[in-house]
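First up is the structure itself, then whatever we jot down about it.
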Amino acid sequence: ILVFDQSSSVTGERLAQLRDAARAGLGALTPRDQAALVTFSHRVELRQGLTHESRLVLETLEQANPAGETSLFDGVYAGLLAGVNDAARNLVLVFSDGVDTASWLAAEQIIETGKRSDAVVYALSPKGVGSVAFLRELAEQTGGSAFEVESLRELSARFVSILEEFRHRYLLSYSPQGVAAPGWHRLEVRLKNRRATVKARPGYIGR
């Protein structure tokens, strides 16, 4: 699920690089994969729902005309909901080049929604923008990663590498015992006698 900033700052070369990156990422999908597109400026729009026809996502992105302010929080929220009825675990890939200026929702609400969802969020932004802290926290809470890029020319390679990393994830499940159901429960995943970096959700919310 692509969640792209389409505010007035994403124009010219920046827009061209973002479209190229989307083309590279969607080109790496298999016929079994689905893709969707959410864009946000001062408006949030589900431009294309989940589809196996990735060309539809590209065509829709080509038609987008960036303008207006930045509803980052609202846009991410829409991206998290875009795959809520899908049985598979969703990758939500967010790009924004600025701070939130127009959302109705607060950052804390989006973090809580991320904790409750099954989606994994990866986020990219230019180095030094003000939204980095929010994107990093959201990515951490969902088991993903946030990246700051020096140049938008890095986006295409980043999109493809994120997709490859996501494909190699494992889904571990268990049934907790002796734990009160409601509320937040912290988890830690460790490997025994293995030298590796573990990337996982830091906990779950009991229902």
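Counting begins at 1 with the first residue of the sequence. Quick caveat, the model's predicted, so the values are computed rather than measured.
For the pair F73/W104, no side-chain contact is recorded, criterion being any heavy-atom separation below 4.5 Å from C-beta on. Considering only heavy atoms from C-beta on, R201 stays 4.5 Å or farther from L187 through its side chain. For the pair P202/R186, a side-chain contact is recorded, criterion being any heavy-atom separation below 4.5 Å from C-beta on. Contact check for E154 versus F147: no side-chain heavy atoms found under the 4.5 Å cut-off. Taking the side chain as every heavy atom from C-beta outward, Y122 and S161 never approach each other to under 4.5 Å. At least one side-chain heavy atom of T30 sits less than 4.5 Å from a side-chain heavy atom of R167. Side-chain atoms of V99 and V129, non-hydrogen and from C-beta on, never get closer than 4.5 Å to each other. Two residues are said to be in side-chain contact when any heavy atoms from C-beta on lie closer than 4.5 Å; D20 and L155 fail this criterion.
Both L26 and L152 belong to a single network of hydrophobic side chains, linked directly or stepwise wherever heavy atoms of I, L, V, M, F, W or Y lie under 4.5 Å apart. Residue L46 is grouped with residue V44 when hydrophobic side chains (ILVMFWY) are merged at heavy-atom distances under 4.5 angstrom, including chains of intermediate members. Cluster membership for L29 and L93, using ILVMFWY side-chain heavy atoms within less than 4.5 angstrom, is shared. In the hydrophobic clustering of this structure, L124 groups with L15; members are Ile, Leu, Val, Met, Phe, Trp, Tyr whose side-chain heavy atoms approach within less than 4.5 Å, directly or through other members. In terms of hydrophobic clustering, with Ile, Leu, Val, Met, Phe, Trp and Tyr side chains grouped at heavy-atom distances under 4.5 Å, L138 and L105 are assigned to a common cluster.
Counting non-hydrogen atoms of other residues, nucleotides and ligands closer than 6.0 Å to OH of Y174 gives a total above 12. At most 12 non-hydrogen atoms from other residues, nucleotides or ligands lie less than 6.0 angstrom from CZ of R153. When the shell of 6.0 Å around OH of Y77 is examined, it contains 12 or fewer heavy atoms from other residues, nucleotides or ligands. Atom CZ of R19 is surrounded by more than 12 heavy atoms from other residues, nucleotides or ligands within 6.0 Å.
Going from atom CD of E69 over to atom CG of D100 covers 9.5 Å, rounded to the nearest 0.5 Å. How far CD of E45 is from OG1 of T39: 5.0 Å, rounded to the nearest 0.5 Å. L37 CG to S54 OG: the interatomic distance, rounded to the nearest 0.5 Å, is 12.0 Å. From R169, atom CZ reaches atom CG of L172 across 10.5 Å, with rounding to the nearest 0.5 Å. Remark: S131 OG to D5 CG distance equals 8.5 Å, nearest 0.5 Å. The OG1 atom of T113 sits 7.5 Å away from the CD atom of Q109 when rounded to the nearest 0.5 Å.
Judged by distance alone, the side chain of H52 and the main-chain N or O of D33 form a donor-acceptor pair under 3.5 Å. Checking side-chain atoms of T70 against main-chain N and O of L72 turns up no donor-acceptor pair under 3.5 Å. Although no hydrogens or angles enter the test, the distance criterion places no donor-acceptor pair under 3.5 Å between the side chain of D74 and the main chain of S71.
A donor atom on one side chain and an acceptor atom on the other are not found under 3.5 Å apart for R47 and T60. With no hydrogens or angles considered, no side-chain donor-acceptor pair links Q63 and E59 at under 3.5 Å.
Of all non-hydrogen atoms in H42 and A102, the two that sit nearest each other are CA-CB, 4.3 Å. Smallest separation of non-hydrogen atoms from F159 and A21: CD2-O, 3.2 Å. Of all heavy-atom pairs spanning T51 and E53, the tightest one is OG1-N, 3.0 Å. Scanning both residues, S7 and S41, for their nearest heavy atoms gives CA-CB, 3.9 Å. The two atoms that bring V3 and V92 nearest to each other are CG2-CG1, 3.7 Å, heavy atoms only. When every heavy atom of L163 is checked against every heavy atom of A28, the shortest pair comes out as CD2-CB, 3.5 Å.
Looking at L80, V121, I1, D118 one by one, the single match for side chain to side chain contact (heavy atoms under 4.5 Å, CB included) with N90 turns out to be I1.
Residue pairs meeting the salt bridge (Lys or Arg N to Asp or Glu O under 4.0 Å) criterion with at least one partner in residues 106-116, sequence neighbours excluded, are E112-K115.
In this structure, F40 has its ring center at least 6.0 angstrom away from the ring center of F4.
Salt bridge status for R136 with E148: present, with a side-chain N to carboxylate O gap under 4.0 Å. Salt bridge status for R158 with E165: absent, with no side-chain N to carboxylate O gap under 4.0 Å. Using a 4.0 Å cut-off between a side-chain N of Lys or Arg and a carboxylate O of Asp or Glu, D97 and K127 do not qualify as a salt bridge.
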Q: Using the side-chain contact (heavy atoms from CB on, under 4.5 Å) rule, take E188 and V198 through it: C-alpha gap first, then chi angles, then the decisive distance, then the call.
A: CA-CA 9 Å; E188 184 179 358; V198 176; over 6 Å; no
Q | Worked verdict on S125 versus V149 for side-chain contact (heavy atoms from CB on, under 4.5 Å) | A | CA-CA 6 Å; S125 58; V149 296; over 6 Å; no
